[in-house]
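Shown next, in structure tokens, is the structure this report addresses.
The analysis underlying the following values was restricted to heavy atoms, covering all of them including side chains, and did not include hydrogens, waters or symmetry mates.
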Amino acid sequence: MNGDQLREALRDEMLGVAAPPQPSTDGMLRSARRARNRRRVIRACAGSATAVLAVAGVVALATPDGGDRRPPAALPQTAPSPDDSAEPMPTGPDGLPQEDRTARAGTRYHKAVLLLDQLVTVVPAGYTAEKTVSSKTGKETLGTHEANFTGRADGAELWSYMASVDVAKGTWKGRLLTEVHTPGNPLPTEPCGLARAFWGMGGMGGECQPMTVGDATVGVVVRPGADDRFDQWAAYRHPDGVVVFVAQGAYDRQTSASPLPFTARELATLAVDQRLHLR
């Protein structure tokens, strides 16, 4: 078949096909209204079913003794911890954000190492700093240290540095610990209020005494309350805003042996000691 014959055949076919009817506006509107009404009915039914299931769930989960066995999602939720916040982590020495709040290299990490070195130097005569096996590495180490990012204030990073060392004298064994917070921290300014803020232990009672060391006033918890992870601790905020906590405690209070390494006043003096004042 040549081109003329093909065009003629196509023309004949087209003439033999009936034209489609013109669309009806009224018909289209009626169809749309029916579809909308069907959707409304479906949503109403679904909402009713959900309400029935919710009531049934509460009834089924209630117990004769008044207990509440609702699933966790139905119970009041607590605020997320700092680690769950969307606050970006600080940049590590490799130029990338830290995986979590703990620095494992770089300047911050080395400041925590320095703090441990300084803590070892203040162990009083007659007491020895003991080596322990690290739970993280399995290696024997003299004390532990840690640097943690705690947030931001006015665009500046806030950090805390912690160092702890086991000490012994005869059969007595215990530990010394210091924790230093960088300027800008939101900790209390009043000496005993500051001391009670240490690890949240002040809310469990105890006795705090303000002590004067030179021009400084130090808060010293001389007797712990219900939370007795330490026997005594002191707290001081330096004029530049750096906060220093120093704590001491026995591991076994049933062991009759030497007294604590420091008296309460010596502990207060140690809190203002420049060796523990990280800048």
message: For the CZ atom on Arg275, are there more than 12 heavy atoms of other groups (residues, nucleotides or ligands in this structure) within a distance under 6.0 Å?
response: yes
query: Would one find more than 12 heavy atoms of other residues, nucleotides or ligands at under 6.0 Å from atom CG of Asp215?
result: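 No - once you tally the heavy atoms of other residues, nucleotides and ligands closer than 6.0 Å, there are 12 at most.
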Check: [Y] and [X] side chains under 4.5 Å, non-hydrogen atoms:
X: Pro88; Y: Arg152; result: yes
X: Thr128; Y: Val123; result: no
X: Pro259; Y: Trp172; result: no

Distance (rounded to the nearest 0.5 Å) between [X] [atom1] and [Y] [atom2]:
X: Glu207; Y: Gln232; atom1: CD; atom2: CD; answer: 10.0 Å
X: Met201; Y: Arg229; atom1: CE; atom2: CZ; answer: 5.5 Å
X: Asn148; Y: Arg101; atom1: CG; atom2: CZ; answer: 9.0 Å
X: Thr217; Y: Glu190; atom1: OG1; atom2: CD; answer: 9.5 Å
X: Leu142; Y: Asp117; atom1: CG; atom2: CG; answer: 8.5 Å
X: Asp100; Y: Phe149; atom1: CG; atom2: CZ; answer: 11.5 Å

Least distance between heavy atoms, [X] atom then [Y] atom:
X: Ala271; Y: Val246; value: CA-CG2, 3.9 Å
X: Gly143; Y: Leu116; value: C-CD2, 3.9 Å
X: Asp231; Y: Gly249; value: OD2-CA, 3.1 Å
X: Asp166; Y: Arg175; value: OD1-CB, 3.7 Å
X: Val220; Y: Ala234; value: CG2-CB, 4.0 Å
X: Tyr109; Y: Ala103; value: CD1-O, 3.6 Å

If two hydrophobic side chains count as joined below 4.5 Å and joins carry through other members, does [X] share a cluster with [Y]?
X: Phe198; Y: Val221; answer: yes
X: Val244; Y: Val165; answer: yes
X: Leu270; Y: Val272; answer: no
X: Leu119; Y: Val218; answer: no
X: Leu158; Y: Met89; answer: no

message: Run the side chain to side chain donor-acceptor pair (under 3.5 Å) test against Gln274 and tell me which residues pass, sequence neighbours left out.
response: His277, Arg279
Under 3.5 Å donor-acceptor, [X] side chain and [Y] backbone:
X: Gln248; Y: Phe262; answer: yes
X: Ser164; Y: Thr144; answer: no
X: Arg104; Y: Thr102; answer: yes
X: Asp227; Y: Gly200; answer: no

message: Thr141 vs Thr132, test: side-chain contact (heavy atoms from CB on, under 4.5 Å). Steps then yes/no.
response: CA-CA 5 Å; Thr141 178; Thr132 58; 4.2 Å; yes
Less than 3.5 Å apart, which donor and acceptor atoms pair up between the side chains of residues 176-185 and the rest of the protein, not counting sequence neighbours?
| residue | atom | partner | partner atom | Å |
| --- | --- | --- | --- | --- |
| Thr178 | OG1 | Phe245 | O | 2.9 |
| Glu179 | OE1 | Trp199 | NE1 | 3.2 |
| Glu179 | OE2 | His181 | NE2 | 2.9 |
| Thr182 | OG1 | Trp159 | N | 2.9 |
| Thr182 | OG1 | Trp159 | O | 3.3 |
| Asn185 | OD1 | Leu187 | N | 3.3 |
| Asn185 | OD1 | Arg237 | NH1 | 3.4 |
| Asn185 | OD1 | Arg237 | NH2 | 2.8 |
| Asn185 | ND2 | Thr182 | O | 2.8 |
| Asn185 | ND2 | Gly241 | O | 3.3 |

- prompt: Quick one: salt bridge (charged side-chain N to carboxylate O under 4.0 Å, His left out) partners of Arg265, sequence neighbours excluded?
  reply: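 So Arg265 forms no salt bridge (charged side-chain N to carboxylate O under 4.0 Å, His left out) with any residue.
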- prompt: Stepwise, does the side-chain contact (heavy atoms from CB on, under 4.5 Å) test hold for Tyr161 with His145?
  reply: CA-CA 7 Å; Tyr161 304 98; His145 57 81; over 6 Å; no
